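Here the structure is a predicted model, which is why all the values come from computation and not from measurement. Values reported hereafter were calculated over all heavy atoms of this structure, with side chains retained and with hydrogens, waters and symmetry mates removed.
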Amino acid sequence: MTGHHKIAVVTGAGSGIGKAVALALLDDGYRVALAGRRQTPLERTAAESTDPTRALVVPADVRDAGAVEKLFAQVKERFGRLDLLFNNAGIFVPGIEIDELSVAQWQAMVDTNLTGSFLCARQAYRLMKTQDPRGGRIINNGSISAHAPRPNSAPYTATKHAITGLTKAIALDGRRFDIACGQIDIGNADTEMAARMASGVPQANGQIAIEPLMDLAHVASAVLYMAGLPLDINVQFMTIMATKMPFIGRG
């Protein structure tokens with residue numbers, strides 16, 4: 001563990017990638033606000049850390065602008081500043097042809113994956129811009145789907161392409177305020193959301209194929225590397241994936 005006292009917010013911290021990253025940050029010495037819709041999983045994440053006293057559990061739905069404002073207000077009140085936002089919360093509804101996709105399904109994914117990321121980035125940016133010393137880092141969780149779609153994944157792919165645009169815009173505008181913004185595009189990590197990859201998923205050629213998964217520890221260490229850089233250095237985009245996962249050409 002390092003001796004720093006940096007402050008981080010991790011959204012979707014109750015499970016999967018968010019949980020793994022939150023625990024890695026806590027183990028590295030960060031004080032971390034754990035955000036997510038359900039309190040119990042967040043409390044479990046905190047309890048698994050080496051020092052639960054450095055975790056702040058804040059149930060918050062990233063789709064709710066008021067809830068997001070309260071999240072960052074609590075961070076400011078408890079810790080006084082913010083050094084890192086890992087913008088991670090997201091949902092995925094696989095296997096729906098675009099003509100069978102309901103407006104409600106589309107809207108749910110846009111609200112969570114895109115608007116939720118915007119709302120959190122907006123509050124983080126506002127705090128980082130005005131704090132003393134100013135500045136901080138925002139890392140957006142993109143996806144392999146920010147580059148290439150899976151079959152029947154129009155809403156997820158659209159939101160993840162949009163995250164890339166959001167990342168670029170924040171990276172540009174944040175320069176004046178020492179705010180660095182980068183994006184990590186994560187392939188099949190061994191999470192509940194990606195478990196179906198191990199039993200076979202549709203490929204671009206119509207076949208069903210098993211896809212390799214990678215250990216979450218590698219994702220967490222990659223985020224930790226990005227987060228640990230000085231603010232005058234930025235990993236703009238990083239792709240991390242199992243070497244043999246279908247990606248280039250999706251095949």
Side-chain angles (χ1 to χ4, degrees), residues 11-21 36-38 41 61-65 67-68 86-121 139-170 183-216 219 237-251:
T11 65
S15 63
I17 291 168
K19 178 178 180 179
V21 169
R37 285 179 294 175
R38 296 172 297 149
D61 188 337
V62 298
R63 301 171 297 180
D64 182 338
V68 172
F86 182 45
N87 227 348
N88 167 71
I91 60 173
F92 178 65
V93 180
I96 302 177
E97 296 262 8
I98 190 168
D99 60 320
E100 297 174 358
L101 186 72
S102 72
V103 174
Q105 287 171 316
W106 168 272
Q107 196 64 59
M109 208 165 298
V110 171
D111 288 348
T112 303
N113 297 1
L114 179 56
T115 303
S117 294
F118 156 72
L119 291 172
C120 292
I139 300 174
N140 291 324
N141 184 348
S143 169
I144 296 295
S145 291
H147 301 271
R150 287 189 174 279
N152 302 328
S153 65
Y156 187 77
T157 301
T159 59
K160 291 304 185 178
H161 274 64
I163 289 295
T164 298
L166 182 66
T167 298
K168 291 178 179 179
I170 295 171
Q183 180 170 315
I184 185 164
D185 296 321
I186 301 166
N188 298 341
D190 193 1
T191 66
E192 185 177 332
M193 184 182 289
R196 62 195 180 89
M197 306 296 174
S199 58
V201 290
Q203 304 295 306
N205 63 2
Q207 294 180 347
I208 302 294
I210 293 172
E211 295 187 10
L213 301 168
M214 62 181 166
D215 193 294
L216 274 173
V219 177
F237 294 99
M238 177 190 287
T239 300
I240 182 167
M241 53 183 271
T243 303
K244 296 183 180 181
M245 174 189 168
F247 170 44
I248 306 301
R250 280 289 193 191

Visitor: Please list, chain by chain and in numerical order, all residues satisfying side-chain hydrogen bond (donor to acceptor under 3.5 Å, both in side chains) with Thr164, sequence neighbours excluded.
Guide: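 Partners of Thr164 by the side-chain hydrogen bond (donor to acceptor under 3.5 Å, both in side chains) criterion, ordered by chain and then number, come out as Gln183.
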Visitor: Between Asp185 and Ser143, is there a donor-acceptor pair closer than 3.5 Å when you use the side chain of the first and the backbone of the second?
Guide: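 Yes; at least one donor-acceptor contact below 3.5 Å.
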Visitor: With no hydrogens and no angle check, just 3.5 Å: does a side-chain donor-acceptor pair link Asn88 and Thr11?
Guide: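 No, no side-chain donor-acceptor pair sits under 3.5 Å.
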Visitor: Check Ala89 against Gly12 and note the closest heavy-atom contact, atom names and distance.
Guide: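 Of all heavy-atom pairs spanning Ala89 and Gly12, the closest is CB-N, 3.9 Å.
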Visitor: Could you measure the distance from the CG atom of Asn113 to the CG atom of Asn140? Nearest 0.5 Å is fine.
Guide: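 Going from CG on Asn113 over to CG on Asn140, the span is 11.5 Å.
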Visitor: Out of curiosity, Asp111 CG to Ser117 OG, how far, rounded to the nearest 0.5 Å?
Guide: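 Asp111 CG to Ser117 OG: 11.5 Å, rounded to 0.5 Å.
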Visitor: Is Phe86 close to Ile184 at the side-chain level, that is, under 4.5 Å between some pair of heavy atoms?
Guide: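 Yes. Closest side-chain heavy atoms under 4.5 Å.
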Visitor: Report the distance from atom CH2 of Trp106 to atom CD1 of Ile98, rounding to the nearest 0.5 Å.
Guide: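 Output value for this atom pair is 7.0 Å.
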Visitor: Can you find a pair of side-chain heavy atoms, one from Ile144 and one from Lys160, that are under 4.5 Å apart?
Guide: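 No - every pair of side-chain heavy atoms lies 4.5 Å or more apart.
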Visitor: Asn87 versus Asn141: any side-chain heavy-atom pair under 4.5 Å?
Guide: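 Sidechains of Asn141 and Asn87: no contact.
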Visitor: Quick check against the 3.5 Å criterion: does His161 have a side-chain atom that pairs as donor or acceptor with the backbone of Ser145?
Guide: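 Here the side-chain-to-backbone pair exists.
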Visitor: Side-chain contact, heavy-atom cut-off 4.5 Å: Ile240 with Met214?
Guide: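 A side-chain contact exists here, since the closest heavy-atom pair is under 4.5 Å.
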Visitor: Evaluate the side-chain proximity of Ile163 to Thr159: yes if any heavy-atom separation is below 4.5 Å, no if none is.
Guide: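 A side-chain contact under 4.5 Å is absent here.
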Visitor: Donor-acceptor pair, Thr157 side chain versus Ala154 backbone, under 3.5 Å?
Guide: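 No: the side chain of Thr157 does not pair with the backbone of Ala154.
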Visitor: Quick check: closest heavy atoms across Ala108 and Ile91, and the distance to 0.1 Å?
Guide: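 Looks like O-CD1, 3.7 Å.
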Visitor: Heavy atoms, side chains only, cut-off 4.5 Å: are Val62 and Leu119 in contact?
Guide: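 Val62 vs Leu119: side chains apart.
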Visitor: Supply the atom-to-atom distance Met238 CE to Ile186 CD1, rounded to the nearest 0.5 angstrom.
Guide: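 One gets 10.0 Å once the value is rounded to the nearest 0.5 Å.
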Visitor: Please report the closest heavy-atom contact between Pro41 and Gly14, naming both atoms and the distance.
Guide: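 Looking at all heavy atoms of both residues, the shortest contact is CB-O, 3.6 Å.
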Visitor: When you measure from the side chain of Ser153 to the backbone N and O of Pro149, does any donor-acceptor pair fall under 3.5 Å?
Guide: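 No.
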Visitor: CG of Leu166 to NZ of Lys168: how many Å apart, nearest 0.5 Å?
Guide: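 Reported to 0.5 Å precision, the distance equals 12.0 Å.
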Visitor: Decide side chain to side chain contact (heavy atoms under 4.5 Å, CB included) for Ile96 and Leu101; before the verdict, give the C-alpha distance in whole Å, the side-chain angles of both, and the deciding distance to 0.1 Å.
Guide: CA-CA 6 Å; Ile96 302 177; Leu101 186 72; 3.9 Å; yes
Visitor: For Lys19, which residues count as a salt bridge (charged side-chain N to carboxylate O under 4.0 Å, His left out) partner, sequence neighbours excluded?
Guide: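 Once residues adjacent in sequence are excluded, the partners of Lys19 under the salt bridge (charged side-chain N to carboxylate O under 4.0 Å, His left out) criterion are Glu48.
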Visitor: For Met241 and Thr243, what are the C-alpha separation, side-chain angles and deciding distance, and is it a side chain to side chain contact (heavy atoms under 4.5 Å, CB included)?
Guide: CA-CA 6 Å; Met241 53 183 271; Thr243 303; over 6 Å; no
Visitor: Less than 4.5 Å apart, any side-chain heavy atom of Arg150 and any of Tyr156?
Guide: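 Side chain of Arg150 against side chain of Tyr156, heavy atoms only: no contact under 4.5 Å found.
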Visitor: Return the set of residues passing salt bridge (charged side-chain N to carboxylate O under 4.0 Å, His left out) with Arg63 (not counting sequence neighbours), or none when no residue passes.
Guide: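 So Arg63 forms a salt bridge (charged side-chain N to carboxylate O under 4.0 Å, His left out) with Asp61.
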Visitor: Does Ile208 CD1 have over 12 foreign heavy atoms under 6.0 Å away?
Guide: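 Yes, enclosed.
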